[in-house]
Protein chains: 2
Amino acid sequence: MVKIADVARHANVAASTVSYVLSGKRPISPEVQARVHESIRILGYHAHAGARALASKRTNIIALVIPLRTGVHVPVLMQFVTAVAARARESDYDILLLTQDEGERGLQRVQGSSLADVLIVMDVEMQDERLPLIRALSTPTVLIGFPADPDGLTCIDLDFSAAGAACLEHLASLGHKCVGLVGSPYAVYERGTGFATRVLDGIEGAAERHGITITTHPCDPNPADVQTTVRDLLGHHPDMTGLIVHNEGVVESLVHALRTFGRRVPDDMSIVAIGPNEWAERHNLTAVALPADEVGTRAVELALAQLDGKDVPAASLLAPVLTPRGSTRPST
Amino acid sequence: MVKIADVARHANVAASTVSYVLSGKRPISPEVQARVHESIRILGYHAHAGARALASKRTNIIALVIPLRTGVHVPVLMQFVTAVAARARESDYDILLLTQDEGERGLQRVQGSSLADVLIVMDVEMQDERLPLIRALSTPTVLIGFPADPDGLTCIDLDFSAAGAACLEHLASLGHKCVGLVGSPYAVYERGTGFATRVLDGIEGAAERHGITITTHPCDPNPADVQTTVRDLLGHHPDMTGLIVHNEGVVESLVHALRTFGRRVPDDMSIVAIGPNEWAERHNLTAVALPADEVGTRAVELALAQLDGKDVPAASLLAPVLTPRGSTRPST
DNA sequence: ATGAAAGCGCTAACAC
DNA sequence: GTGTTAGCGCTTTCAT
């Protein structure tokens, strides 16, 4: 194993100089810099992560807590993860993967053993059990998602309430009077996951303002439950002409189910969705984009800013952007 | 921060004794053990990961390289990841997440800076560029997937060749004479991903043995390409009565597309798939299970065994298990 | 602008 | 069965 002393010897400088060349924490003459870099290249030197962490109290690792629960749409989850990983690497950070099922113990372990400099926690619930611990932790933390009380926490997410409202308002502007929400899977509501609850709130608020009837129905991502959902929705409201879909896994089945009830999209039923742009494009859906890349990227940036001692906004809510596509048309 | 010296003082023993209690590398009297554990509990002690890694040359971290490429079915990928993470935690290992796009540099970085004790690499191609490096690495490595030449490597995967053969033989045993393969996305073949190639080989070998006509067609997971695939397949072989599907993302569209051509499953067309069991169950598909959990778990076990200096089998091929469900019936 | 040296917290000889 | 001590490889004072 090649160590810093080897590089120092090879470049004819002190070990500390090599360290300073690498960290940039001290001005070094261009000649020495060049010599050191050259030696590093020739010898293939990499600093020992443990030794560095021990001496500097910095691991250059971000711990990312991901949910592994029913109802979480996996491709969307992975979009967050890859965005976080990519942005982290840009700043020379690595990702330590923690799973939700370790719960608070995992957080304590990471902090206790100095495994990471900062935590990013996904899939936050309105009344998340982990919040008291997270508030008490000395390790800076960024939440992707908003709990009921985000006080004292750093949170970032799409403004799901505004997103729900935007969906409803789009349908309202097209003249639709009776609208249904095909919601997330049951489990997501039962857990009180923040984004699901907020979408509902946003839609209901907007519906009230516009005098529109709104009926909501959770839905699991399988053809049978989609069929049931459509039957229930149309059974209670045969005059329903608009649907808001907040569930990435049901669209294909939904369109087919509607057809079995004689409704074609968009002629007899308009659909506005909330989900990733590529997904909406693939299905030609008018949709509010779920900007997983941006959220993940900004979560890392908030984390790094906190590490730099900058003070960061406690709440970052991204404004919804609705893109009209082929799944909506004016009500007749 | 509470350190080992604090625990030692609190328990009235030497720091090394605390270390030995934790590692079990030396016999310690029950009384001392109890006292030390009690002190650890009271003080909330966790060993500093960096310090431990520096002194012991063990990080207790497994680096997992995941693919982020077109054509990879994300839910299946995540099944591997979660299985690996869960098994790793059972043995008190953590997961460092590396993405494919870092390529060889990522592997060198992990080894160079002693970030992990062992590597697990997913999505191996037949002629994978990383193989020379992996062979040369002193860090033990486990591959999930088989390259063309697995010599000198530790690999584990489902026996995809046997899986392909099992699919074909199931259809053959039901009397089907003309069979199509709805394959993985184009990109998967273009890259020469091991499992896709091997399935093909397995099917073709079995087809030859059984005198069955087999036509293959890659397929992207969107309704339009599925439609094209079905049109091509049926256009060239109107007598086709069996389909092997090696593509988790197309089933729903496939069934609908077949219907537009007047074929119902299983009455006019039998389908045998390769994919995760829950997925096959959800779609009521006769299928060879893709045991992502078992593969992930065993990959970790192979990795840990290598760390223990045990010598492990170079190649672990899991035998395919085909479960008949509702998507196949005898040819009429 | 550079060097020398003192730790960072832990493990693993080496003692007894 | 337990204590003492010498590093592990790096960063960061302190010194020049």
Side-chain angles (χ1 to χ4, degrees), chain A residues 1-37 39-40 43-61 92 94 109-117 307, chain B residues 1-37 39-40 43-61 92 109-117 138 307:
Chain A
M1 188 211 183
V2 32
K3 54 188 76 162
I4 201 170
D6 301 326
V7 176
R9 199 173 314 119
H10 189 273
N12 246 295
V13 294
S16 57
T17 300
V18 177
S19 176
Y20 284 119
V21 166
L22 252 19
S23 69
K25 290 186 180 172
R26 176 194 254 192
I28 304 278
S29 73
E31 304 81 58
V32 171
Q33 288 216 29
R35 225 162 63 229
V36 168
H37 276 127
S39 300
I40 287 176
L43 301 179
Y45 169 75
H46 288 267
H48 186 288
R52 168 175 289 184
L54 181 56
S56 69
K57 305 188 165 331
R58 284 285 199 118
T59 60
N60 269 42
I61 288 179
D92 207 35
D94 272 293
R109 191 167 57 81
V110 169
Q111 150 136 315
S113 47
S114 302
L115 270 167
D117 298 329
L307 286 178
Chain B
M1 189 212 181
V2 31
K3 54 189 74 162
I4 201 168
D6 301 326
V7 176
R9 200 173 314 117
H10 188 272
N12 246 295
V13 295
S16 60
T17 300
V18 177
S19 176
Y20 285 121
V21 167
L22 253 19
S23 69
K25 291 186 179 171
R26 174 194 256 194
I28 305 279
S29 74
E31 303 82 58
V32 171
Q33 289 217 28
R35 228 161 62 225
V36 168
H37 276 126
S39 300
I40 288 176
L43 301 178
Y45 169 75
H46 289 267
H48 187 288
R52 168 175 290 183
L54 181 57
S56 70
K57 302 179 167 335
R58 282 286 199 118
T59 60
N60 269 43
I61 287 179
D92 208 34
R109 192 167 56 81
V110 168
Q111 151 138 318
S113 48
S114 301
L115 270 166
D117 297 329
S138 62
L307 287 178

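Below, chain A is the first sequence line, B the second, and so on; all start at residue 1.
The side chain of B:T17 places an N or O atom within less than 4.0 Å of a non-bridging phosphate oxygen (OP1 or OP2) of D:dG3. Applying the 4.0 Å criterion to OP1 and OP2 of C:dT11, one finds that B:S19 has a side-chain N or O inside that range.
An angle of 30°, rounded to 10°, separates the two end axes of the helix from C:dA1-D:dT16 to C:dC16-D:dG1, each defined over five pairs.
The residue B:S29 sits close only to the backbone: its heavy atoms come under 4.0 Å of sugar-phosphate atoms, none of a base. Residue B:D6 is classed as having no contact, given no heavy-atom separation below 4.0 Å to the nucleic acid.
Straight-line distance from the CZ atom of B:R35 to the C1' atom of D:dG1: 12 Å, rounded to whole Å. The nearest whole Å value for the distance from the CE atom in B:M1 to the P atom in C:dG9 is 6 Å. The CD1-P distance, from B:I4 to C:dC8, rounds to 15 Å in whole Å. The CG atom of A:L22 sits 13 Å away from the C1' atom of D:dG9 (whole-angstrom rounding). Straight-line distance from the NZ atom of A:K25 to the C1' atom of C:dA1: 18 Å, rounded to whole Å. In this structure, CZ of B:R9 is placed 13 Å from P of D:dT4, rounded to the nearest angstrom. Whole-Å rounding puts the B:N12 CG to D:dT2 P distance at 12 Å. Taking atom CZ of residue B:R52 and atom P of nucleotide C:dA12, one finds them 10 Å apart after rounding to whole Å.
Between B:A15 and B:I4, the closest heavy-atom pair is O-CD1, 3.6 Å. The heavy-atom pair separating A:S113 from B:H46 by the smallest distance is N-CB, 3.7 Å. Nearest approach of B:L54 to A:A51, heavy atoms of both residues: CD1-CB, 3.7 Å.
Considering only side-chain atoms of B:K57, the nucleotide from D:dC8, C:dT11, D:dT12 that sits closest is D:dC8.
The pair A:D6-A:R9 counts as a salt bridge, with a side-chain nitrogen and a carboxylate oxygen less than 4.0 angstrom apart.
Once rounded to the nearest 0.5 Å, the distance linking CZ of B:R52 with OG of B:S19 reads 7.5 Å.
Both B:A14 and B:A51 sit near DNA chain D, but only B:A14 has its closest nucleotide nearer the 5' end. With the nearest nucleotide of DNA chain D identified for both A:L54 and B:A15, B:A15 has the one nearer the 5' end.
Put simply, the side chain of A:Q33 never gets that close to the backbone of A:V21: no donor and acceptor are under 3.5 Å apart. When atom types are taken as modelled, the side chain of B:N60 and the backbone of B:D92 share a donor-acceptor pair closer than 3.5 angstrom.
The closest side-chain heavy-atom distance from A:K57 to A:S114 is not below 4.5 Å. The shortest distance between side-chain heavy atoms of B:L115 and B:T59 does not fall below 4.5 Å. Contact check for B:L22 versus B:I40: side-chain heavy atoms found under the 4.5 Å cut-off.
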Listing time: all N or O pairs from protein to nucleotides 13-16 of chain C that are below 3.5 Å?
| unit_1 | atom_1 | unit_2 | atom_2 | d |
| --- | --- | --- | --- | --- |
| C:dA13 | N7 | B:Y20 | OH | 3.3 |
| C:dC14 | N4 | B:R26 | NH2 | 2.9 |

